[in-house]
Amino acid sequence: MSYEVTATRRRPKTFDELAGQQFVSATLKSSIENGSIAHAYLFSGPRGCGKTSAARILARSLNCEKGPAAAPCGVCTQCVEIAKSASLDVIEIDGASNTSVNDVRQIKDEVLFPPNSSRYKIYIIDEVHMLSNGAFNALLKTIEEPPPYVIFVFATTELHKVPATIKSRCQQFAFKLIPVETISQILKDTCAEIGIKAEDEALFWIARESTGSLRDAYTLFDQVASFADGHIRAALIREKLGLTGLDNLNSLTEACVARDAGKALSLLDGVIANGVAIEQFVIDYAGYFRSLLLLKSGVTRESLLGYPPDRFSAAVRDALNLRRLERALELTLNLYRNIRYSVSPRFELEVLISALCALPDWISQDELREMIAQTRASLGGTPVPAAVSNTAFTPPFASAPQPASAPQPASVPQPASAPQPADQPAPQPPVMPPPVMGQNPAAPPLPREVENVLRIFNGEVVPS
């Protein structure tokens, strides 16, 4: 028997086998059991999450010889033919290659004839958003009032490109990305089925790289299994696919936070010498800093971090606070955007490593504001409250000098004021504006060096 890829061999055959789409499965099963079958369905969602499989399961459930049944038998003639894509009454159309009005006209002519040997004639149009505007308009009347034996199932990865007139005539189902834990468990079951060993870390890496697409996970699994020789290991995957690995990233970053630029650059040279592409290294490094940022924010889910929390270096976690991790991630993302236009991507990467070695000494704007506030308070100025330490403030020396007041003329006697009526309130004294935060007339003048720092911080020009 010829080889069959895992994605095809393990394609779900019932709604219960449809992974990660509980709402879709429950709703379709309930509608079949109650006999409330719509004439048009619209399945939308990311690639590889089960849209076409759900359409085929729906077709088998409706045309099963023992149905309509929420769970098709899988052994009757109709179920077997639909599973092999050989049924004359279940027509699968590729919307990307049948986009014209003439293709839709052919469908309009075909729906006039009843099904050949099934209960329903079902049209499954994949990537329906690729149809032209004329084709959509020609299809409107047909999907709004089709013959009672015709059902349309549309599948698309770009729902926003489907006209609202089509959406309003269909029951819409939004398919979701499949969780990493679910894909990892499915891969374990696959390994048990075909009789190969696999490390949990390796299967988790495959599930994470698939980004929620079970078909992508099966494709990557087949590739890894082809060179794993019956035992899928994380170390072997890193060696064969040219991946950086968490241990290398931990060692490199530990050298950076220790300000040992020589060791860090030497470790980088070793990673590149092992065949890791520079772009792939930058991607892995950005993911590493993202995981540290999430971990520093209190997120401990392994599916988001990519690894167990205790696998990340404690020295790096202690040396870099939240602001420095944000800075490191920003520098790494900027590098990925710039290397495509660089003379030498490796030079750019080495500059990044050198900058990361100086990261422990980097001061954020929030920290600088706090230091300035503490300096003002220690020199006798009014302390800046912590709640407003991030707001701009006006130092005493920043206010413009006031001109000397002109001499006031001698006071002229004023006539006695008229008596106020009893029902009017007495005049209140004028309310004086509050003093500018940080000003203290009684405080001694600030040293010139501190004044220059404050002037630069407030965007002023420091005189030479």
With [X] via side chain to side chain contact (heavy atoms under 4.5 Å, CB included) - residues at least two apart:
{"X": "T27", "value": "F23, F173"}
{"X": "S117", "value": "Q78, D89"}
{"X": "S251", "value": "L267"}

Main-chain N/O of [Y] paired to [X] side chain as donor or acceptor, under 3.5 Å:
{"X": "H39", "Y": "I143", "value": "yes"}
{"X": "S25", "Y": "Q22", "value": "no"}
{"X": "S184", "Y": "V180", "value": "no"}
{"X": "S118", "Y": "P115", "value": "no"}
{"X": "R60", "Y": "K13", "value": "yes"}
{"X": "T375", "Y": "M371", "value": "yes"}
{"X": "K66", "Y": "C76", "value": "no"}
{"X": "T332", "Y": "A286", "value": "no"}
{"X": "E127", "Y": "G95", "value": "no"}
{"X": "N34", "Y": "S36", "value": "no"}

Run the numbers on N102 and Q106 for side-chain hydrogen bond (donor to acceptor under 3.5 Å, both in side chains), then give the verdict.
CA-CA 6 Å; N102 293 330; Q106 182 178 354; over 6 Å; no
Please tell me if the side chains of [X] and [Y] come closer than 4.5 Å, counting only heavy atoms from C-beta onward.
{"X": "I237", "Y": "W205", "answer": "yes"}
{"X": "L292", "Y": "K296", "answer": "no"}
{"X": "R290", "Y": "L305", "answer": "no"}
{"X": "Q185", "Y": "L203", "answer": "no"}
{"X": "E348", "Y": "P345", "answer": "no"}

Residue pair I32, F15: steps toward the side-chain contact (heavy atoms from CB on, under 4.5 Å) verdict:
CA-CA 12 Å; I32 294 172; F15 288 115; 3.9 Å; yes
So R346 and E350, salt bridge (Lys or Arg N to Asp or Glu O under 4.0 Å) or not? Walk me through it.
CA-CA 6 Å; R346 175 162 182 167; E350 292 170 347; 3.2 Å; yes
Intermediate values then yes/no, side-chain hydrogen bond (donor to acceptor under 3.5 Å, both in side chains), Y285 and T253:
CA-CA 10 Å; Y285 215 14; T253 313; 3.0 Å; yes
[X] atom [atom1], over 12 foreign heavy atoms within 6.0 Å:
{"X": "K263", "atom1": "NZ", "answer": "no"}
{"X": "F347", "atom1": "CZ", "answer": "no"}
{"X": "D361", "atom1": "CG", "answer": "yes"}

Got a salt bridge between D189 and R10, using NZ or NE/NH1/NH2 to carboxylate O under 4.0 Å?
no
May I ask you to say whether R323 pairs ionically with E326, meaning some side-chain N is under 4.0 Å from a carboxylate O?
yes
Please output the side-chain donor-acceptor pairs of residues 144-155 that fall under 3.5 Å, not counting sequence neighbours, one pair per line with the distance.
residue: E144; atom: OE1; partner: R169; partner atom: NE; Å: 3.4
residue: E144; atom: OE1; partner: R169; partner atom: NH2; Å: 3.2
residue: Y149; atom: OH; partner: V111; partner atom: O; Å: 3.0
residue: Y149; atom: OH; partner: L112; partner atom: O; Å: 3.1

Pairwise distance [atom1]([X]) to [atom2]([Y]) - rounded to 0.5 angstrom:
{"X": "E65", "Y": "R119", "atom1": "CD", "atom2": "CZ", "answer": "8.5 Å"}
{"X": "N334", "Y": "L352", "atom1": "CG", "atom2": "CG", "answer": "9.5 Å"}
{"X": "L268", "Y": "I278", "atom1": "CG", "atom2": "CD1", "answer": "8.0 Å"}
{"X": "N274", "Y": "N248", "atom1": "CG", "atom2": "CG", "answer": "7.5 Å"}
{"X": "S87", "Y": "N116", "atom1": "OG", "atom2": "CG", "answer": "8.5 Å"}
{"X": "S266", "Y": "L252", "atom1": "OG", "atom2": "CG", "answer": "10.5 Å"}

Does the side-chain contact (heavy atoms from CB on, under 4.5 Å) test come out yes or no for R327 and L359, once each step is laid out?
CA-CA 8 Å; R327 175 66 174 171; L359 189 62; 3.6 Å; yes
Over 60° means perpendicular and under 30° means parallel, so classify the ring planes of F312 and Y288, tilted if in between.
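The arrangement is tilted - the two ring planes meet at 30° to 60°.
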Tabulate below the donor-acceptor pairs under 3.5 Å that side-chain atoms of residues 47-55 make, not counting sequence neighbours, or state none.
residue: R47; atom: NE; partner: D216; partner atom: OD2; Å: 2.9
residue: R47; atom: NH2; partner: D216; partner atom: OD2; Å: 2.7
residue: K51; atom: NZ; partner: G45; partner atom: O; Å: 3.3
residue: K51; atom: NZ; partner: P46; partner atom: O; Å: 2.7
residue: S53; atom: OG; partner: R11; partner atom: NH1; Å: 2.9

Testing the basics here: between [X] and [Y], what is the closest heavy-atom pair and its distance to 0.1 Å?
{"X": "I196", "Y": "A225", "result": "CD1-CB, 4.3 Å"}
{"X": "A202", "Y": "A234", "result": "CB-N, 3.8 Å"}
{"X": "C79", "Y": "C64", "result": "SG-SG, 3.8 Å"}
{"X": "F136", "Y": "V128", "result": "CZ-O, 3.1 Å"}
{"X": "T8", "Y": "E4", "result": "CG2-OE2, 3.2 Å"}
{"X": "V257", "Y": "E254", "result": "CG2-O, 3.2 Å"}

side-chain hydrogen bond (donor to acceptor under 3.5 Å, both in side chains) assessment of E110 paired with Y123
CA-CA 11 Å; E110 291 178 356; Y123 287 88; 3.0 Å; yes
Which residues pass the side chain to side chain donor-acceptor pair (under 3.5 Å) test with K161, sequence neighbours left out?
E158
Trace of the side-chain contact (heavy atoms from CB on, under 4.5 Å) decision for Q172 with L159
CA-CA 10 Å; Q172 300 184 41; L159 182 62; 4.1 Å; yes
Pairing donors with acceptors under 3.5 angstrom, does anything connect the side chains of D94 and S97?
yes
Check step by step if side-chain contact (heavy atoms from CB on, under 4.5 Å) holds for V24 and K176.
CA-CA 10 Å; V24 176; K176 302 177 181 179; over 6 Å; no
